[in-house]
Amino acid sequence: MLPLLLLLPLLWGGSLQEAPGYELQVQRSVTVQEGLCVSVPCSFSYPTSYWGSSSQVYIFWFREGDHIYYDAPVATNHPQRPVKTEAQGRFHVSSDLWTPNCSLSIRDARWGDTGWYFFRVETGRDVKYNYVETKLYLHVTALTEKPHVHVPASLESGCPTQLTCSLPGSCPGGRPLSFSWAGEALGSRDPRTLRSPLLTFTPRPQDHDTSLTCRVNLQGARVTTERTVQLNVSYAVQNLTVRAFLGNSTGSQILKSGSTFSIMEGLALRLLCQVDSNSCANLSWFQGSPAENAIPISTNNSLELPQVQPEHEGVFTCLAQNPLGSLQGSVNLSVYYPAQLFGPSCSWEAGGLHCSCSSRARPAPSLRWRLGERLLAGNSSGNSSHASFTVTSSSAGPWANSSLSLHGELGSDLRLSCEAWNVHRTHNVTFLLLPGKAAWEGGVVSTALAGAGAIALLGLCLCLLVLGIVKICRKPAAGRPEGAEDEDPVMGSVTWDSRQKAPKPDGPQEQDSPADAAPLPQQPQELHYASLSFHGMKPREPQEQEATRATEYSEIKKSK
């Protein structure tokens, strides 16, 4: 505290330095920048014995070295005393003749104003005193003050707004100021409309985070000062984009709203939603359209599908919202997958053997039938007919359906296959039927050889599963001549593949003729085996049944 107490007398005049009863309270030194204004507070007192007079109090500020009678003051409230020409209109004191107020106001400070000043008071006949022991030093420096730009707390896109520019330290009656504005937000406006401290403009979304500059020039001083501000413009959500990332890849593909994105079943997919907005937008993902009160499947900008499944196919929508509006963008996810074969199933009907086969795939699969090495006409979108067979086919969405009717007698060791394919895989199922000559009446053949059905059937036939064809035979019943025709249906064997192809056990792989539709490239076949049972056999005589029970047995042959 002691150093501060010692400093105070240097900044303020004190009665100890003046004659008894006279005191002046004023700053010892004041600094002002060129062209600006400053106000110096001041108060004074004189001996109380003279305060009772009704005389007016006249005050004067003189430059150090000036004579109180021969030189003009820089400021006074005496109506008959002129002031210095260079100070006229710039140095002011209160015109109150009764209050002891010696405060000094200076406008448009100039370099030549720098120096010492002293105060004088005159009242009545007896008080005429110069406060020469308590002087004021005025220091004028170069202009370094920056303008102040007032920007409203909220700049909203599309709403007209006003900005003001002012120079701290300037004052009415001081040196005239000229203003100008510059910035990208002003576009190509006429510069003559930008020469005011008040700027009116309508911000746009692209004006956000751009610069706006206010320049102030002090006329006659060739001095320019300026300040630049960054605009914070609020605007609704815009420019929504969706990026697709596959697996752990850092590369992405930009998807336009409403576009279709195709992906293989089983792959990992991440959809990233990005928008441009201020203030920040809330992002969420919906499966389908974001109807009212719909629950989002993700509440951030990212949608993760670790393993894409066919049920994921459809529209996914990103919804972005902020207080000024909302925007949404959608992507149609198309899941493609290899052909899956369902069936076939066969049954004996009047007039022949009837088989049906179905397949599901994306892109939609095609179906065709083979009888032995012969490719039967027909595909997923048409029908064909022949004297010995009829093929009826149809398709809808990812499904293809086909039915085959075989007419007339069936040869022995009949090999019948249903084949489904699309660009990703070929899948077929082959029957190896071992019928008697024409004893199929009332017989039923059925199987389901794709996916989980094949696994279940293999489980039931585990005891018969071998690396070759399982053949089940029936010996002639007692009393029946050897070589006589068996009028009952016999057991047969079935082979099918799931994802691979290999040469068939009984011969080389089939080849199509040039006229036939060439099958797609196939992979090695994975073979599965099961038996077929035929129900609804023709009734036998009781004695024949007894003989059959006594001699019936099965024989299993394995092929290496």
Side-chain angles (χ1 to χ4, degrees), residues 246 260-269 287-288 305-316 331-347 354-371 375-384 390-405 416-431 445-460 494-501 517-528 530 532:
L246 291 178
T260 297
F261 182 71
S262 298
I263 183 173
M264 173 73 85
E265 175 189 10
L267 293 181
L269 174 66
Q287 190 163 11
L305 297 176
Q307 193 174 45
V308 174
Q309 300 298 326
E311 55 265 25
H312 291 144
E313 185 165 280
V315 175
F316 289 87
V331 174
N332 184 24
L333 197 62
S334 176
V335 181
Y336 59 87
Y337 42 91
Q340 299 172 333
L341 201 55
F342 298 89
S345 62
C346 294
S347 63
H354 178 79
C355 298
S356 62
C357 191
S358 298
S359 180
R360 181 174 181 266
R362 176 77 67 181
S366 296
L367 284 173
R368 60 189 177 189
W369 296 89
R370 291 178 184 272
L371 184 59
L375 178 64
L376 304 182
N379 53 46
S380 295
S381 58
N383 304 323
S384 60
T390 300
V391 176
T392 303
S393 301
S394 64
S395 63
W399 286 94
N401 305 293
S402 183
S403 62
L404 171 66
S405 295
L416 178 65
S417 64
C418 176
E419 184 175 85
W421 82 95
N422 68 359
V423 295
H424 304 293
R425 194 181 76 175
T426 298
H427 191 183
N428 67 25
V429 172
T430 300
F431 294 90
V445 184
S446 63
T447 183
L449 303 175
I455 302 302
L457 186 58
L458 287 176
L460 294 175
V494 178
T495 65
W496 72 91
D497 72 321
S498 57
R499 295 181 180 268
Q500 298 178 334
K501 280 194 162 238
L520 295 177
Q522 301 176 350
Q523 299 175 345
Q525 183 182 25
E526 177 185 354
L527 295 177
H528 305 283
L532 293 174

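If you're wondering where the values come from, they're calculated on a predicted model, not measured in any experiment.
- Rounding to the nearest 0.5 Å gives a distance of 9.5 Å between CH2 of Trp369 and OG of Ser405.
- For the atom pair OG of Ser394 and CH2 of Trp399, the computed distance is 11.5 Å after rounding to the nearest 0.5 Å.
- The distance from atom OG of Ser417 to atom CZ of Arg368, rounded to the nearest 0.5 Å, is 9.0 Å.
- Checked against side-chain hydrogen bond (donor to acceptor under 3.5 Å, both in side chains), Ser356 has the following partners two or more places apart in sequence or in another chain: Ser345.
- Looking only at side-chain heavy atoms (C-beta outward), Leu305 and Ile263 stay at 4.5 Å or farther from each other.
- Without hydrogens or angle criteria, Glu265 side chain to Pro310 main chain gives no donor-acceptor distance under 3.5 Å.
- A pairwise comparison of heavy atoms in Ala420 and Leu367 identifies CB-CD2, 3.4 Å as the closest pair.
- A search for salt bridge (Lys or Arg N to Asp or Glu O under 4.0 Å) contacts involving Arg360 returns nothing, not counting sequence neighbours.
- Between the side chains of His354 and Ser347, no donor-acceptor pair is found at a separation under 3.5 Å.
- By the side-chain hydrogen bond (donor to acceptor under 3.5 Å, both in side chains) test, Gln287 is found to be paired with no residue, residues two or more places apart in sequence or in another chain being considered.
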Do Val331 and Val315 pass the side chain to side chain contact (heavy atoms under 4.5 Å, CB included) test, and can you show the C-alpha distance, the side-chain angles, and the key distance before you say yes or no? CA-CA 6 Å; Val331 174; Val315 175; over 6 Å; no
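- To the nearest 0.5 Å, atoms CD (Gln307) and CG (Leu269) are separated by 12.5 Å.
- Looking at heavy atoms from C-beta onward, Val335 lies out of side-chain contact with Arg362 at the 4.5 angstrom threshold.
- Here the closest non-hydrogen pair linking Ala339 and Pro365 is CB-CB, 4.4 Å.
- Formation of a donor-acceptor pair under 3.5 Å by the Ser403 side chain with backbone atoms of Cys355 is not found in this model.
- The line from CZ of Arg370 to SG of Cys418 is 11.0 Å long, rounded to the nearest 0.5 Å.
- Thr390 has its side chain out of reach of Leu404: every pair of non-hydrogen atoms, C-beta onward, lies at least 4.5 Å apart.
- Using a 4.5 Å heavy-atom cutoff, the side chains of Glu313 and Leu333 are not in contact.
- Listed by chain and number, the residues in a side-chain contact (heavy atoms from CB on, under 4.5 Å) with Pro363 are Tyr336, Asn422, Val423, His424 (sequence neighbours excluded).
- Taking CD from Glu419 and OG from Ser359, the interatomic distance works out to 10.5 Å, rounded to the nearest 0.5 Å.
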